[in-house]
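Fair warning: this is a prediction, and the values are worked out from it, not measured in the lab.
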Amino acid sequence: QVQLVESGGGLVQAGGSLRLSCTASGRTFSIYDIGWFRQSPGKEREFVTAITGSGGGTYYADSVKGRFTISRDNAKNTVYLQMNSLKPEDTAVYYCAGDTIRRYWPPRSATSFGSWGQGTQVTVSS
């Protein structure tokens with residue numbers, strides 16, 4: 001298990017950009033694969049992107065490919081989600097999640113992750 005805290009959410013206009021951060025406690029952060037998920041009212045939790053513990057592997061959902069970029073700085077125990085060209089349909093609570101166990105790649109199911117942050121709200125106005 002690892003403690004995760006998201007930050008950086010807010011209100012932006014369509015076409016704008018936002019950078020989210022996921023910061024972890026502890027000294028074993030580099031062995032955790034980290035994923036980003038989002039959930040909006042009336043919709044199921046949706047996979048957004050994931051990154052391997054080393055940062056060498058990334059994967060993106062088709063809905064955000066080319067617009068979002070995931071990266072990490074293990075020295076700072078932080079994973080970043082850079083979101084560009086935001087659309088109103090990107091509005092959601094964004095969660096980061098982590099786990100040391102990789103059963104398959106990419107980990108598109110929420111059940112792949114045992115540790116979750118509390119989420120940060122992203123609202124994109126039209």
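Here Arg38 contributes atom CZ and Phe68 contributes atom CZ; the two are 5.5 Å apart, rounded to the nearest 0.5 Å. A distance of 8.0 Å separates CG in Leu18 from CD in Gln82, rounded to the nearest 0.5 Å. Considering CD1 of Ile101 and CZ of Arg103, their distance stands at 9.0 Å, rounded to 0.5 Å. Note that OH of Tyr80 is 12.0 Å distant from CG of Leu20, once rounded to the nearest 0.5 Å. Annotation: the span from Gln118 atom CD to Tyr95 atom OH amounts to 8.0 Å, rounded to 0.5 Å. Atom OG of Ser54 is separated from atom CD1 of Ile31 by 12.5 Å, given to the nearest 0.5 angstrom.
Note on Tyr94 and Val12: same hydrophobic cluster, where clusters join Ile, Leu, Val, Met, Phe, Trp and Tyr whose side-chain heavy atoms are under 4.5 Å apart, directly or indirectly. Connection of Phe113 to Phe29 is not established within any shared hydrophobic cluster, with ILVMFWY side chains joined at heavy-atom distances below 4.5 Å, either directly or through further cluster members.
The two atoms that bring Val64 and Val48 nearest to each other are CG2-O, 3.6 Å, heavy atoms only. Minimum heavy-atom separation, Ala14 to Ser126: CB-CA, 4.4 Å. The shortest heavy-atom contact between Leu4 and Cys22 is CD2-SG, 4.0 Å. Minimum interatomic distance between Ser112 and Tyr104 (heavy atoms only, all atoms of both residues): OG-OH, 3.0 Å. Pairing each heavy atom of Ser30 with each of Asn74, the nearest pair is CB-ND2, 3.5 Å. The minimum heavy-atom distance between Ile34 and Cys96, with the atom names listed, is CG2-CB, 4.5 Å.
Ring planes of Phe37 and Phe47: perpendicular class, angle over 60° (limits at 30 and 60°).
For NZ of Lys43, the number of neighbouring non-hydrogen atoms (other residues, nucleotides, ligands) closer than 6.0 Å is 12 at most. In Arg67, the CZ atom is crowded: over 12 heavy atoms of neighbouring residues, nucleotides or ligands sit closer than 6.0 Å.
You'll find the side chain of Val2 reaches within 4.5 Å of the side chain of Tyr32, heavy atoms only. Taking 4.5 Å as the limit, every side-chain heavy atom of Asp90 sits out of range of all side-chain heavy atoms of Met83. Glu89 is not listed as a side-chain neighbour of Ser63, based on a closest heavy-atom distance of 4.5 Å or more. The side-chain heavy atoms of Thr49 and Ile51, taken from C-beta on, include no pair separated by under 4.5 Å.
Side-chain atoms of Tyr60 come within 3.5 Å of backbone atoms of Ile70 as a donor-acceptor pair (strictly under, hydrogens ignored). For Arg72 (side chain) and Thr52 (main-chain N/O), a donor-acceptor pair under 3.5 Å exists by modelled atom type. For Thr123 (side chain) and Thr91 (main-chain N/O), no donor-acceptor pair under 3.5 Å exists by modelled atom type. Counting only distance, with no hydrogens or angles, the side chain of Asp99 and the backbone of Gly114 share a donor-acceptor pair below 3.5 Å.
The side-chain hydrogen bond (donor to acceptor under 3.5 Å, both in side chains) pairs that include a residue from residues 2-21 are Ser17-Asn84, where partners are two or more places apart or lie in different chains.
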